[in-house]
A.B. asks: 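Input: one structure, supplied below.
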Amino acid sequence: MHIKHYLDEKGISVYKLAEQAGVAYPTVFNIVNGKVDIMNSALRIVKKIADALEISIDELILLCDRECDFAIFRGEQRHLVNRRGEMNYVIDVLETRKIDSFWRLGMRAEAFYLLAMIDYLSRRNDLPRCSDYDEIRQYKLEKTVYPPDTALTEKLLKKDIRRDTMKKAIPEFLEFNIVECEVVNE
């Protein structure tokens with residue numbers, strides 16, 4: 001759950017958020033701590049909290065998503081590329097400004113993953129790299145993120161496969177310290 005991290009980064013306590021939103025402290029506390037699913041909360045409450053944070057309702061829901069795990073996100077994006085097609089995926093991500101949303105919310109891994117995907121698919125389709133994100137391209141994750149099955153495979157085989165995985169990695173993802181070897185089903 002990213003909402004706690006987001007509030008910490010912004011220096012906003014749950015109490016201060018409740019006060020700014022005009023929502024009862026226990027309600028905000030329960031949403032922030034995952035005791036209440038935001039999807040089961042009244043829309044007027046969700047809107048008040050989003051407005052107090054100066055983000056959209058969609059962004060607030062994303063921050064509060066208990067299921068939001070980077071491995072799941074990664075799999076969903078690969079699935080979307082294959083289901084929608086490479087060009088439609090690129091157009092959708094760029095038109096909806098998803099990278100901007102993730103970046104603004106402090107969800108760096110997700111922002112980097114989308115940017116790497118856009119850069120990779122652009123190269124595959126002989127498209128110019130989108131210059132809107134040159135500022136973000138100056139950064140990368142501090143710690144390298146490997147595919148979710150890497151650790152399990154290492155345990156089962158009892159050998160380090162990270163070096164081999166790095167050799168197969170797509171350069172656009174490696175630029176942000178994300179190891180991704182396969183995106184498109186050919």
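These values consider heavy atoms only, across backbone and side chains, with no hydrogens, waters or symmetry-generated copies.
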A.B. asks: Given side chains that start at C-beta, do those of Leu121 and Arg124 come closer than 4.5 Å, heavy atoms only?
C.D. replies: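 Yes, close enough: below the 4.5 Å cut-off.
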
A.B. asks: Identify whether Leu141 and Val183 are in the same connected component of the hydrophobic contact network (ILVMFWY, side-chain heavy atoms under 4.5 Å).
C.D. replies: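 Same cluster: Leu141 reaches Val183 through Ile, Leu, Val, Met, Phe, Trp or Tyr contacts under 4.5 Å.
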
A.B. asks: Under a 3.5 Å cutoff, is there a donor and acceptor pairing between the side chains of Tyr120 and Glu180?
C.D. replies: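 Note: Tyr120 and Glu180 side chains miss the donor-acceptor criterion.
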
A.B. asks: With hydrophobic residues grouped by side-chain heavy-atom distances under 4.5 Å, do Ile45 and Ile38 end up in a single group?
C.D. replies: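 Ile45 and Ile38: one cluster.
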
A.B. asks: Measure the spacing between CG of Leu105 and NZ of Lys10 and express it to the nearest 0.5 Å.
C.D. replies: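 If I round to the nearest 0.5 Å, the distance is 8.5 Å.
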
A.B. asks: Once side chain to side chain donor-acceptor pair (under 3.5 Å) is applied, what residue pairs with a partner in residues 15-26 remain, sequence neighbours excluded?
C.D. replies: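 Not a single pair qualifies under side chain to side chain donor-acceptor pair (under 3.5 Å).
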
A.B. asks: Any heavy-atom pair between the side chains of Ile136 and Phe112 that's under 4.5 Å?
C.D. replies: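 Yes, their side chains come closer than 4.5 Å.
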
A.B. asks: Minimum heavy-atom separation for Glu59 to Ile55, with atom names?
C.D. replies: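 Heavy-atom minimum between the residues: OE1-CB, 3.3 Å.
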
A.B. asks: State whether the side chain of Asn40 and the backbone N or O of Val36 hold a donor-acceptor pair below 3.5 Å, judged by distance alone.
C.D. replies: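 Answer holds: no.
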
A.B. asks: What residues form a side-chain hydrogen bond (donor to acceptor under 3.5 Å, both in side chains) with Tyr146, not counting sequence neighbours?
C.D. replies: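 If we apply the side-chain hydrogen bond (donor to acceptor under 3.5 Å, both in side chains) test to Tyr146, skipping adjacent residues, there are no hits.
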
A.B. asks: State which residues pass salt bridge (Lys or Arg N to Asp or Glu O under 4.0 Å) with Arg137; sequence neighbours excluded, sorted by chain then number.
C.D. replies: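 Asp119, Asp134.
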
A.B. asks: Roughly how far, to the nearest 0.5 Å, is NZ of Lys143 from CD1 of Ile178?
C.D. replies: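 That separation rounds to 14.0 Å.
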
A.B. asks: Which pair of non-hydrogen atoms, one from Lys140 and one from Phe176, has the smallest distance, and what is that distance?
C.D. replies: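 That closest heavy-atom pairing would be CB-CA, 3.6 Å.
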
A.B. asks: Using modelled atom types and a 3.5 Å cut-off, is there a donor and acceptor pairing between side-chain atoms of Glu9 and backbone atoms of Tyr6?
C.D. replies: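 Answer holds: no.
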
A.B. asks: List in chain and number order the residues that pass side-chain hydrogen bond (donor to acceptor under 3.5 Å, both in side chains) with Arg84, two or more places apart in sequence or in another chain; answer none if no residue qualifies.
C.D. replies: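 Arg84 satisfies side-chain hydrogen bond (donor to acceptor under 3.5 Å, both in side chains) with Asp92 only.
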
A.B. asks: Decide yes or no on ring pair (Phe, Tyr, Trp, His ring centres under 6.0 Å) for Phe102 and Phe73, but give the supporting numbers first.
C.D. replies: CA-CA 12 Å; Phe102 284 114; Phe73 173 83; 5.3 Å; yes

A.B. asks: Can you list the steps and then say if Tyr89 with Ile118 is a side-chain contact (heavy atoms from CB on, under 4.5 Å)?
C.D. replies: CA-CA 8 Å; Tyr89 178 88; Ile118 295 304; 4.1 Å; yes

A.B. asks: Okay, side chain of Asp37, backbone of Met39: is any donor-acceptor separation there less than 3.5 Å?
C.D. replies: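 Flag set: sc Asp37 to bb Met39 pair under 3.5 Å.
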
A.B. asks: Would you find a donor on one side and an acceptor on the other, under 3.5 Å apart, between the side chain of Asn177 and the backbone of Thr144?
C.D. replies: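 Not a single qualifying donor-acceptor pair exists.
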
A.B. asks: Just to verify, what does Glu182 make a side-chain hydrogen bond (donor to acceptor under 3.5 Å, both in side chains) with, not counting sequence neighbours?
C.D. replies: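 Glu182 satisfies side-chain hydrogen bond (donor to acceptor under 3.5 Å, both in side chains) with no residue once adjacent residues are dropped.
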
A.B. asks: CD of Glu54: more than 12 outside heavy atoms within 6.0 angstrom?
C.D. replies: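 Check fails, neighbour count at 12 or below.
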
A.B. asks: By the ring pair (Phe, Tyr, Trp, His ring centres under 6.0 Å) test, which pairs, at least two apart or in different chains, include something from residues 125-144?
C.D. replies: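 Ring pair (Phe, Tyr, Trp, His ring centres under 6.0 Å) check on residues 125-144 returns Trp103-Tyr139.
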
A.B. asks: Measuring from Asn88:CG to Arg83:CZ, what's the distance to the nearest 0.5 Å?
C.D. replies: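 So the CG of Asn88 and the CZ of Arg83 are separated by 11.0 Å.
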
A.B. asks: Looking at Arg123 and Glu172, is there a salt bridge between them, counting it only when a charged N and a carboxylate O are closer than 4.0 Å?
C.D. replies: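 Yes, charged N to carboxylate O under 4.0 Å.
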
A.B. asks: Would Val93 and Met117 count as a side-chain contact (heavy atoms from CB on, under 4.5 Å) if you check the C-alpha gap in whole Å, the side-chain angles of each, and the deciding distance to 0.1 Å?
C.D. replies: CA-CA 10 Å; Val93 170; Met117 184 71 82; over 6 Å; no

A.B. asks: What pair of heavy atoms forms the shortest contact from Thr165 to Cys181, and how long is it?
C.D. replies: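 Shortest heavy-atom separation between Thr165 and Cys181 comes out as O-SG, 3.5 Å.
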
A.B. asks: Between the side chain of Thr27 and the main-chain N/O of Val23, is any donor-acceptor distance below 3.5 Å?
C.D. replies: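 Answer holds: no.
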
A.B. asks: Before accepting this row, confirm whether a basic side-chain N of the pair Asp100/Arg104 lies closer than 4.0 Å to the acidic partner's carboxylate O.
C.D. replies: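 Not counted as a salt bridge, because no side-chain N and carboxylate O are separated by less than 4.0 Å.
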
A.B. asks: How long is the gap from CD on Gln77 to CZ on Arg74, to the nearest 0.5 Å?
C.D. replies: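 CZ of Arg74 is found 11.5 Å from CD of Gln77.
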
A.B. asks: To check you understand the geometry: which heavy-atom pair defines the closest contact between Leu94 and Cys130, and what is its length?
C.D. replies: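 That closest heavy-atom pairing would be CD2-SG, 4.1 Å.
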
A.B. asks: Determine, step by step, whether Leu7 and Leu53 satisfy the side-chain contact (heavy atoms from CB on, under 4.5 Å) criterion, reporting the C-alpha distance in whole Å, the side-chain angles of both residues, the deciding distance to 0.1 Å, and the verdict.
C.D. replies: CA-CA 9 Å; Leu7 292 175; Leu53 291 172; 3.7 Å; yes

A.B. asks: Would you say Phe29 and Lys35 make side-chain contact, with heavy atoms under 4.5 Å?
C.D. replies: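 The answer is yes; the side chains approach within 4.5 Å.
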
A.B. asks: Which atom pair, heavy atoms only, marks the closest approach of Leu17 to Ala52?
C.D. replies: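 Of all heavy-atom pairs spanning Leu17 and Ala52, the closest is CD1-CB, 3.9 Å.
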
A.B. asks: How long is the span from the CD1 atom in Ile49 to the CD1 atom in Ile31, to the nearest 0.5 Å?
C.D. replies: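 That separation rounds to 4.0 Å.
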
A.B. asks: In sequence, state the C-alpha distance, the side-chain angles, and the governing distance for Val184 and Val81, and then conclude on side-chain contact (heavy atoms from CB on, under 4.5 Å).
C.D. replies: CA-CA 7 Å; Val184 181; Val81 167; 4.1 Å; yes

A.B. asks: In Å, rounded to the nearest 0.5 Å, how long is the span from CD of Glu76 to CD of Glu110?
C.D. replies: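 The CD atom of Glu110 is 10.5 Å from CD of Glu76, to the nearest 0.5 Å.
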
